Amino acid sequence: MGPYRTFDDITYSDKKSAYLALVPTLFIYIDQKSKIRECTSRYCEDVGEFQISGELVLKLVEPMTQQAFMSKRINLSDLTTPRQYIKRSAKKHNSEGLIGSVI
């Protein structure tokens, strides 16, 4: 039966007739490390690297009581490698005359 978006979406009759339910949970972590930050008169540039990691938790539960029979954690950080990034953003110029350009 299913898939269902949440455990609460399962109807009572489906919970009653099912022996076990597989409930996956995904956690994603983004680690960003900036190495160089420079700003010129036209833009700012940020150079560094990021890595996406996380874990996937799979649980087998009894649908009526939600008692967990098995829980398996899969570490996803072993599957990722660091990637370099370059982020540039244009500077906005104020049109307020001399005071705006000084600020």
Side-chain angles (χ1 to χ4, degrees):
M1 295 171 219
Y4 297 97
R5 290 187 75 66
T6 65
F7 197 82
D8 294 331
D9 291 343
I10 302 173
T11 62
Y12 177 77
S13 60
D14 286 348
K15 285 181 183 178
K16 192 174 177 182
S17 64
Y19 292 111
L20 293 173
L22 177 67
V23 181
T25 307
L26 179 65
F27 298 97
I28 297 177
Y29 310 108
I30 300 173
D31 184 26
Q32 176 183 342
K33 294 178 183 170
S34 180
K35 293 182 178 179
I36 302 170
R37 279 194 189 143
E38 293 180 344
C39 287
T40 65
S41 61
R42 297 177 61 202
Y43 63 89
C44 287
E45 184 175 84
D46 183 16
V47 179
E49 65 181 29
F50 70 95
Q51 183 172 357
I52 299 174
S53 63
E55 61 187 19
L56 176 64
V57 178
L58 298 172
K59 285 185 182 181
L60 277 176
V61 298
E62 197 280 320
M64 293 296 285
T65 62
Q66 294 187 18
Q67 179 181 359
F69 284 98
M70 184 195 77
S71 182
K72 178 70 177 169
R73 181 182 162 272
I74 301 169
N75 187 2
L76 301 177
S77 63
D78 298 336
L79 304 174
T80 61
T81 57
R83 302 282 183 198
Q84 288 190 347
Y85 72 89
I86 299 174
K87 181 172 64 175
R88 288 189 182 137
S89 57
K91 282 189 170 181
K92 295 181 180 178
H93 295 286
N94 295 330
S95 59
E96 301 173 18
L98 181 63
I99 297 175
S101 64
V102 170
I103 292 174

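For clarity, every value in this text was computed on a predicted model and none was experimentally measured.
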Open item on the list: Which heavy atom of P63 sits nearest to which heavy atom of Y19, and what is that distance?
Closed with: CD-O, 3.4 Å
Task: Nearest heavy atoms of F50 and Q84, plus distance in Å - done: CE2-O, 4.4 Å
From [X] [atom1] over to [Y] [atom2], what is the distance, rounded to the nearest 0.5 angstrom?
X	Y	atom1	atom2	value
I52	L76	CD1	CG	11.0 Å
I74	L58	CD1	CG	5.0 Å
K15	M64	NZ	CE	7.5 Å
K35	D46	NZ	CG	11.5 Å
Q32	E49	CD	CD	10.5 Å

Starting from [Y], can I reach [X] by hopping between I/L/V/M/F/W/Y residues whose side chains sit under 4.5 Å apart?
X	Y	value
F27	V23	no
L22	L20	yes
I30	Y85	yes
Y29	V57	yes

Open item on the list: The criterion is salt bridge (charged side-chain N to carboxylate O under 4.0 Å, His left out); which residues satisfy it with D31, sequence neighbours excluded?
Closed with: K33
- [ ] Report the residues that fulfil salt bridge (charged side-chain N to carboxylate O under 4.0 Å, His left out) with K16, sequence neighbours left out, ordered by chain and then residue number.
- [x]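 Expected list: none.
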Task: R5: side chain to side chain donor-acceptor pair (under 3.5 Å) partners, not counting sequence neighbours - done: none
Open item on the list: Just to verify, what does T6 make a side chain to side chain donor-acceptor pair (under 3.5 Å) with, not counting sequence neighbours?
Closed with: D9
Task: Residue pairs fulfilling side chain to side chain donor-acceptor pair (under 3.5 Å) with at least one residue in residues 53-75, sequence neighbours excluded - done: E55-R73, E62-T65, N75-S77
Task: Residues clustered with Y43, ILVMFWY side-chain links under 4.5 angstrom - done: none
